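In this text, all values refer to a predicted model and were calculated from it rather than measured experimentally.
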2 protein chains.
Amino acid sequence: MSEKSIAILVIEDELPIVRFLRATLENQGYSLRDAATGQEGIAEAGTCRPDLILLDLGLPDMDGLEVIRRVRAWTDVPIVIISARGQESDKVAALDAGADDYLTKPFGVPELMARIRVALRRASHVGDHGESSFFTCGDLKVDLAGHLVHLRGQEVSLTPIEFRLLAAMIKHAGKVITHRQLLREVWGPHLTDESHYLRVFVHQLRRKLEDDPTRPKFILTEAGIGYRLRV
Amino acid sequence: MSEKSIAILVIEDELPIVRFLRATLENQGYSLRDAATGQEGIAEAGTCRPDLILLDLGLPDMDGLEVIRRVRAWTDVPIVIISARGQESDKVAALDAGADDYLTKPFGVPELMARIRVALRRASHVGDHGESSFFTCGDLKVDLAGHLVHLRGQEVSLTPIEFRLLAAMIKHAGKVITHRQLLREVWGPHLTDESHYLRVFVHQLRRKLEDDPTRPKFILTEAGIGYRLRV
DNA sequence: AGAAGCCTTAACGAACTCTTAACGGCATCG
DNA sequence: CGATGCCGTTAAGAGTTCGTTAAGGCTTCT
């Protein structure tokens, strides 16, 4: 079961601390990128789209508050401050500028971890309630977030692989998806030539979803290339 | 245009502190309610629906962590901890139980205000989830704030873990909840692979709630993924 | 101190899913 | 016309996950 790991961006100029954080965070299963200056950090945040930012306020090239504001200008990604300065006015300024939490060095690793979990938890709840993404095509209705499939109002139960296969097709609905692509998205990057699996599971899906599996309405086969989901 | 002021619930047993917070917060334009015990606080949270909860962990009648969990069972309202105990393990436990921030007494008022603003800011992004502390499905009625479960008018007594498990499912009612997710919400963020616990406790729940545990009406199992509560 | 209740842990059979193999139809190409 | 390759279909075995039960340790209450 491959799950994409959570990405954290560390903006910090002191190398020992970066190394320490890298070891600690990667040990917890997070993937990590780092930047040594504010400029670099802002750019990196734009390109790698982290799930959380750890920011040291004492950067050499620009004010930490400015980094917060520049990042907040276009994203709500959680920002946790780690700073040597423990002045209350500094904390208030950073928090009001858009930071989500503020830790003063030296801090304990368990507390840092807990506060990172809090920030990530809050951020993940944003899409929790209304934002279930539906896909509809004729009588077929799929709730990707809720793992639900309805056909003519009737619920259809799919196995994990069946659902992943359907979800992958929905992600590229209307376009052709090659065998390779499907195999990578459903089974992971290892399998790439076993286009055999596909036939078995496409058949399973058609048997559950199509009225007449011989003449498919939803899952069309593009001979020699792959499959395509009708929109 | 009438602007409803933001409501804050203070759960704190020391009267001087309550008075101090009342003066400070009302001066900032918040409206305030207070409760002196955990029981009272949980009940008050269910009825007055505050926008934020300030919670002292050192309550006379029950463990502060239990208060957090009981409130978290049915709402994502921001919880900010104010505590005399500054032990890192206390902080981690509270944050992992569902708190959003943790301040150690004595704290500065400006910092408290700033952290309250952060918590409110984060929560407002989520938008209104029409949360209710009651859940009903067929013969099953659950009062999340009151920790009560009724089946066909008959009261059912659940153990703490059984109730947390049921509450977690209710929070995502209708959608599939993965094993990971359930383990995190019920046991904390550490356990993530012990999907074994789930089977035991799901079985306990079904034995207490379902007419025919073999053919569940409420707690459905999504093979290979997790569980789902019928709506 | 004793008892009761709850959580953890282990074990085993049953049900389900995934993998793998085999076969037939259909089209293209030599 | 036969060979080859791709796709659909089916079935069986292996492997994994799920349900169920019970015993032991821990905490809590009396």
Side-chain angles (χ1 to χ4, degrees), chain A residues 1-2 147 149 156-166 168-169 176-180 182-183 185-188 190-228, chain B residues 38 61-63 65-66 69 147 149 156-166 168-169 176-183 185-188 190-228:
Chain A
M1 180 179 284
S2 70
H147 259 259
V149 180
V156 182
S157 91
L158 299 183
T159 71
I161 287 195
E162 285 164 9
F163 191 89
R164 285 214 294 274
L165 184 59
L166 180 60
M169 287 180 167
V176 176
I177 325 170
T178 65
H179 296 140
R180 289 183 97 90
L182 276 175
L183 284 167
E185 293 201 27
V186 176
W187 277 271
H190 320 291
L191 296 174
T192 174
D193 290 325
E194 313 290 334
S195 57
H196 200 86
Y197 291 10
L198 285 178
R199 286 189 214 107
V200 176
F201 278 89
V202 164
H203 174 243
Q204 292 279 61
L205 265 181
R206 292 214 253 237
R207 205 161 54 82
K208 289 186 177 180
L209 299 180
E210 304 278 0
D211 291 322
D212 179 7
T214 313
R215 214 166 298 273
K217 289 195 305 181
F218 303 119
I219 303 173
L220 312 177
T221 136
E222 300 286 332
I225 310 284
Y227 295 88
R228 184 164 58 89
Chain B
D61 63 329
M62 59 192 294
D63 185 11
L65 294 182
E66 189 58 24
R69 282 194 280 264
H147 236 239
V149 179
V156 181
S157 88
L158 299 183
T159 71
I161 286 196
E162 285 165 9
F163 189 87
R164 285 216 292 275
L165 184 59
L166 180 60
M169 288 179 167
V176 170
I177 324 169
T178 64
H179 296 138
R180 287 181 98 91
Q181 213 170 344
L182 277 175
L183 285 167
E185 295 200 23
V186 176
W187 277 271
H190 311 293
L191 295 174
T192 174
D193 291 324
E194 313 290 335
S195 57
H196 200 86
Y197 292 10
L198 285 177
R199 287 189 215 107
V200 176
F201 279 89
V202 164
H203 175 243
Q204 294 279 58
L205 264 181
R206 291 213 253 236
R207 207 161 54 81
K208 289 185 177 181
L209 300 180
E210 304 277 0
D211 291 322
D212 179 7
T214 313
R215 214 167 301 271
K217 289 194 306 181
F218 303 119
I219 303 174
L220 312 177
T221 137
E222 299 287 329
I225 307 286
Y227 294 88
R228 186 162 56 85

How would you give the extent of chain A contacts on DNA chain D, as first and last nucleotide 5' to 3' within a 4.0 Å heavy-atom cut-off?
dC7(D) to dT10(D)
Check every strand shown and say whether Thr221(A) touches a base, only sugar-phosphate, or nothing at a heavy-atom separation below 4.0 Å.
sugar-phosphate
NE2/His147(A) to CG/Leu158(A) distance, rounded to the nearest 0.5 angstrom?
9.5 Å
Measure the OH-CD1 distance between Tyr197(B) and Ile161(B) for me, rounded to the nearest 0.5 Å.
9.0 Å
Checking all strands, does Arg206(B) fall into the base, sugar-phosphate, or nothing category for heavy-atom contacts under 4.0 angstrom?
sugar-phosphate
What pairs of residues pass the salt bridge (charged side-chain N to carboxylate O under 4.0 Å, His left out) test when at least one of them lies in residues 200-210 of chain A, not counting sequence neighbours?
Glu162(A)-Lys208(A)
For the pair made of CZ in Arg215(B) and P in dA15(C), what is the distance, rounded to whole Å?
11 Å
If you compare all heavy atoms of Leu191(B) against all heavy atoms of Leu183(B), which two are closest, and at what distance to 0.1 Å?
O-CB, 3.8 Å
So, for Ala168(B) and Val186(B), which heavy atoms are closest and what is the spacing to 0.1 Å?
CB-CG2, 4.3 Å
Which parts of nucleotides 17-30 of chain C does protein reach within less than 4.0 Å, heavy atoms only, written one letter per nucleotide 5' to 3' as B for base, S for sugar-phosphate only and - for none?
SSBBBB--------
Euclidean distance, Glu222(A) CD relative to Ile177(A) CD1, rounded to 0.5 Å
10.0 Å
Looking only at heavy atoms, which two atoms of Phe218(B) and Leu209(B) are closest? And how far apart?
CE1-O, 3.8 Å
Return the CD1 to CG distance between Ile219(A) and Leu205(A), rounded to the nearest 0.5 Å.
4.5 Å
